[in-house]
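As a basis for the values below, the full set of heavy atoms in this structure was taken, side chains included, without hydrogen atoms, waters or symmetry mates.
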Amino acid sequence: MEQHGKFIISLDFELLWGVRDKRSIATYGDNIKNVHTVIPRLLEEFTRHNIKGTFAIVGFLFLKNKQDLLENIPGKKPGYADQNLSPYHDEFDKIEDPAYYFAPELIKLIAHTPGQEIGTHTYSHYYTLENGQNISEFEDDLKMAIKVAADNDISFTSIVFPRNQYNDAYLEVCKKAGLICYRGNELSWIYEPRNSDKESLIRRGVRLLDVYVNITGHHTFSDVSVANKDFVNIPASRFLRPYSRTLSFLDKWRLRRIKTGMLHAATHNSTYHLWWHPHNFGNHIEENIAFLGQVLSYYNELNIKYGFISYTMTELAKKIQANERQAV
């Protein structure tokens with residue numbers, strides 16, 4: 001069996017639908033609108049460094065405008081106890097500039113860039129662990145995501161859950177829908193999937209510290225540790241925290257934290273999975289792209305020295321499934 005380390009990049013592409021706590025255009029609009037600049041820049045970097053990426057896209061983004069959206073509403077909408085979580089509650093009334101809400105041309109650009117995968121981030125940026133919603137509503141949401149993608153000649157085999165919220169029942173729905181892999185969470189109490197009511201400042205604080213100092217480990221994983229012939233977990237290793245002018249003096253530690261994890265994967269026949277949102281790069285674009293460039297250049301070094309290889313989520317899932325079948 002071929003032995004080499006593997007590198008995964010996944011991006012949660014959601015525009016304004018995914019930042020409910022920052023959804024005011026006045027406070028976060030530049031980050032969102034600049035995604036239309038960020039995505040082409042990311043694709044250029046990926047092409048330059050021979051990187052394969054998985055773009056998990058909110059289904060709303062496939063649509064062209066508000067009217068198109070109103071014609072594609074699932075039969076059941078999420079019944080969150082906190083209706084502010086639901087885009088069906090009041091967000092539609094705010095739609096004016098489509099650049100904050102829709103991105104069909106960017107999706108086409110991703111689809112036409114060699115090596116890139118398009119996965120789903122649900123249709124409405126659905127929160128599977130929030131109070132009030134149920135699995136039937138999620139099933140309708142996922143069906144609509146698959147439908148609007150199919151209307152654009154795109155089919156999904158991977159999913160990234162919004163806010164990294166999921167449980168076994170929802171995974172079963174995804175499997176029945178024909179998906180073969182998902183992005184799981186890092187194996188640490190600070191990264192366990194929880195709803196917003198159970199989040200805490202302590203967990204957030206420790207996660208921030210973990211960006212710079214190795215508190216919870218490298219979070220690399222072997223093929224054997226995630227093997228599942230039906231639905232493969234491709235766990236996250238590290239969130240690529242965006243540039244902060246205030247914390248920029250710590251960037252050498254932020255970079256070292258990522259590099260040491262990549263090196264561990266490259267030398268231990270395991271996988272390192274880096275993820276972020278395109279809107280994270282919407283402010284300080286040049287600084288964020290430059291930092292990413294350092295990460296990807298290091299990938300190229302590891303590729304030459306150790307045979308470290310870039311995969312999409314689905315490519316890795318299929319490889320793991322094939323190896324598991326051979327082992328039976």
Visitor: Look only at the side chain of T120 and the backbone of F156, and say whether a donor-acceptor pair between them is shorter than 3.5 Å.
Guide: no
Visitor: CG of L142 to OG1 of T128: how many Å apart, nearest 0.5 Å?
Guide: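 Answer for the CG-OG1 pair, L142 versus T128, is 11.5 Å.
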Visitor: Give the minimum heavy-atom separation between P104 and L63, together with the two atoms involved.
Guide: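 What the structure gives for the nearest pair is CD-O, 3.4 Å.
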Visitor: Are the side chain of Q165 and the backbone N or O of L129 linked by a donor-acceptor pair below 3.5 Å?
Guide: yes
Visitor: Indicate, with yes or no, if V295 and L42 share a hydrophobic cluster defined by side-chain heavy-atom contacts under 4.5 Å among Ile, Leu, Val, Met, Phe, Trp and Tyr.
Guide: yes
Visitor: Could you tell me whether the side chain of D141 and the main chain of P78 form a donor-acceptor pair under 3.5 Å?
Guide: no
Visitor: Is any side-chain heavy atom of D223 less than 4.5 Å from a side-chain heavy atom of T271?
Guide: yes
Visitor: Please check if the side chain of E137 supplies one atom and the backbone of G79 the other of a donor-acceptor pair under 3.5 Å.
Guide: yes
Visitor: Short question: side chain of N233, backbone of V226 - any donor-acceptor pair under 3.5 Å?
Guide: no
Visitor: What are the two closest non-hydrogen atoms of N288 and N280, and how far apart are they?
Guide: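 Closest pair (atom of N288, atom of N280, distance): ND2-O, 3.7 Å.
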Visitor: Answer yes or no: is there a side-chain heavy-atom contact under 4.5 Å between Y272 and T260?
Guide: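 No, every pair of side-chain atoms sits at 4.5 Å or beyond.
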Visitor: Over all heavy atoms of both residues, which pair between F249 and W253 is shortest? Give the atoms and the distance, please.
Guide: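 Smallest heavy-atom distance, with atoms named: O-CZ3, 3.5 Å.
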Visitor: Parallel, tilted or perpendicular: which one describes the rings of H268 and H264, with boundaries at 30° and 60°?
Guide: parallel
Visitor: Under the side-chain contact (heavy atoms from CB on, under 4.5 Å) rule, what do R163 and L85 come out as? Steps first, then yes or no, please.
Guide: CA-CA 12 Å; R163 292 188 181 173; L85 294 173; 4.0 Å; yes
Visitor: Before you tell me yes or no, could you show the steps for E117 and K52 under side-chain contact (heavy atoms from CB on, under 4.5 Å), namely the whole-Å CA-CA distance, both residues' side-chain angles and the distance that decides it to 0.1 Å?
Guide: CA-CA 8 Å; E117 174 189 5; K52 296 178 177 180; over 6 Å; no
Visitor: For the backbone of H4 and the side chain of N269, can you confirm whether one donor and one acceptor N or O come within less than 3.5 Å of each other?
Guide: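 Checked: pair present.
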Visitor: Group every Ile, Leu, Val, Met, Phe, Trp and Tyr by side-chain heavy-atom contacts under 4.5 Å, then state whether I180 and F161 land in the same group.
Guide: no
Visitor: So do the side chains of S297 and H49 get within less than 4.5 Å of each other, counting heavy atoms only?
Guide: yes
Visitor: Provide the closest heavy-atom pair for T216 versus H219 in the form atom of the first, atom of the second, distance.
Guide: OG1-NE2, 2.6 Å
Visitor: Short question: side chain of S237, backbone of H273 - any donor-acceptor pair under 3.5 Å?
Guide: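 Checked: pair present.
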Visitor: Answer with yes or no whether the hydrophobic clustering places F92 together with F62; edges join I, L, V, M, F, W, Y residues whose side-chain heavy atoms lie under 4.5 Å apart.
Guide: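 Same hydrophobic cluster.
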Visitor: Using 0.5 Å steps for rounding, measure from the SG atom of C174 to the OH atom of Y166.
Guide: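 Rounded to the nearest 0.5 Å, the SG-OH separation comes out at 11.5 Å.
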Visitor: Using a 3.5 Å distance criterion without hydrogens, assess whether the side chain of K76 forms a donor-acceptor pair with backbone atoms of P74.
Guide: no
Visitor: State plainly whether the residues D210 and R207 are in salt-bridge range, i.e. N to O under 4.0 Å.
Guide: no
Visitor: Between atom CZ of F308 and atom CG of L263, what is the distance when rounded to the nearest 0.5 Å?
Guide: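 Here the interatomic distance stands at 9.0 Å.
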Visitor: Which distance, rounded to the nearest 0.5 Å, do you find between the OG of S310 and the CG of L302?
Guide: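 Going from OG on S310 over to CG on L302, the span is 12.0 Å.
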Visitor: Are the side chains of R257 and N214 in contact, using a 4.5 Å heavy-atom criterion?
Guide: yes
Visitor: For residues M144 and L70: do they belong to one hydrophobic cluster (side chain heavy atoms under 4.5 Å, members Ile, Leu, Val, Met, Phe, Trp, Tyr)?
Guide: yes
Visitor: Compute whether any side-chain donor of one residue and acceptor of the other, for K147 and N72, lie under 3.5 angstrom apart.
Guide: yes
Visitor: Taking C-beta and beyond as the side chain, do I159 and F231 meet within less than 4.5 Å on heavy atoms?
Guide: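 I159 vs F231: side chains touch.
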Visitor: Got D97 and K33 here, is their nearest side-chain heavy-atom distance under 4.5 Å?
Guide: yes
Visitor: Could you tell me the separation between the CG atom of L247 and the CG atom of L208, rounded to the nearest 0.5 Å?
Guide: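 The distance works out to 6.5 Å.
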Visitor: Distance under 6.0 Å and angle within 45° of the ring axis: does K259 meet both against Y298?
Guide: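 Checked: cation-pi criterion met.
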Visitor: Does a sphere of radius 6.0 Å around CD in E71 hold more than 12 heavy atoms from other residues, nucleotides or ligands, not counting ones at 6.0 Å or beyond?
Guide: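 Buried by this count: over 12 neighbours within 6.0 Å.
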Visitor: Is any side-chain heavy atom of N303 less than 4.5 Å from a side-chain heavy atom of N50?
Guide: no
Visitor: Look at the rings of Y28 and H279 and say which category their plane angle falls in: under 30° parallel, 30 to 60° tilted, over 60° perpendicular.
Guide: perpendicular
Visitor: With distance as the sole test, does H121 use its side chain to make a donor-acceptor pair with the main-chain N or O of E14 at under 3.5 Å?
Guide: no
Visitor: Please determine whether side-chain contact (heavy atoms from CB on, under 4.5 Å) holds for the pair E287 and D251, giving the CA-CA distance in whole Å, both sets of side-chain angles, and the decisive distance to 0.1 Å.
Guide: CA-CA 11 Å; E287 290 86 351; D251 272 358; over 6 Å; no
Visitor: With a 6.0 Å cut-off on the ring centroids, do F291 and Y243 count as close?
Guide: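 Not close enough - the centres of the two rings lie 6.0 Å or further apart.
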Visitor: Around atom NZ of K66, are there more than 12 heavy atoms of other residues, nucleotides or ligands at under 6.0 Å?
Guide: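 More than 12 within 6.0 Å, yes.
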Visitor: Can you name the closest pair of heavy atoms from I320 and A227 and give their distance?
Guide: CG2-CA, 3.7 Å
Visitor: From the options F281, F13, F239, F55, select the one residue that forms a ring pair (Phe, Tyr, Trp, His ring centres under 6.0 Å) with W276.
Guide: F281
Visitor: For the ring pair F7 and Y311, is the centre-to-centre distance below 6.0 Å?
Guide: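 Ring centres of Y311 and F7 not closer than 6.0 Å.
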Visitor: Do Y88 and I95 belong together in a cluster built from hydrophobic side chains that touch within less than 4.5 Å?
Guide: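 Yes: a chain of side-chain contacts under 4.5 Å links Y88 to I95.
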Visitor: Check T54 against M313 and note the closest heavy-atom contact, atom names and distance.
Guide: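 Looks like OG1-N, 2.9 Å.
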Visitor: Short question: side chain of D12, backbone of P162 - any donor-acceptor pair under 3.5 Å?
Guide: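 A pair under 3.5 Å: no.
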Visitor: Evaluate side chain to side chain donor-acceptor pair (under 3.5 Å) for T157 paired with T314, printing each intermediate quantity in order.
Guide: CA-CA 6 Å; T157 46; T314 290; 2.6 Å; yes
Visitor: Do Q321 and V232 touch side chain to side chain, with heavy atoms closer than 4.5 Å?
Guide: yes
Visitor: I'd like to know whether V35 forms a side-chain contact (heavy atoms from CB on, under 4.5 Å) with L15, so could you lay out the CA-CA distance, the side-chain angles of the two residues, the decisive distance to 0.1 Å, and finally the verdict.
Guide: CA-CA 7 Å; V35 168; L15 294 183; 3.8 Å; yes
Visitor: Which of these, Y123, Y100, Y101, F102, sits in a ring pair (Phe, Tyr, Trp, His ring centres under 6.0 Å) with F60?
Guide: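 Looking at Y123, Y100, Y101, F102, the match for F60 under the ring pair (Phe, Tyr, Trp, His ring centres under 6.0 Å) is Y123.
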Visitor: Crowded around I73 CD1? As in, over 12 foreign heavy atoms under 6.0 Å?
Guide: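 Yes, the 6.0 Å shell around CD1 holds more than 12 heavy atoms from other groups.
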Visitor: Could you tell me the separation between the CG atom of L69 and the CG atom of L61, rounded to the nearest 0.5 Å?
Guide: 10.5 Å
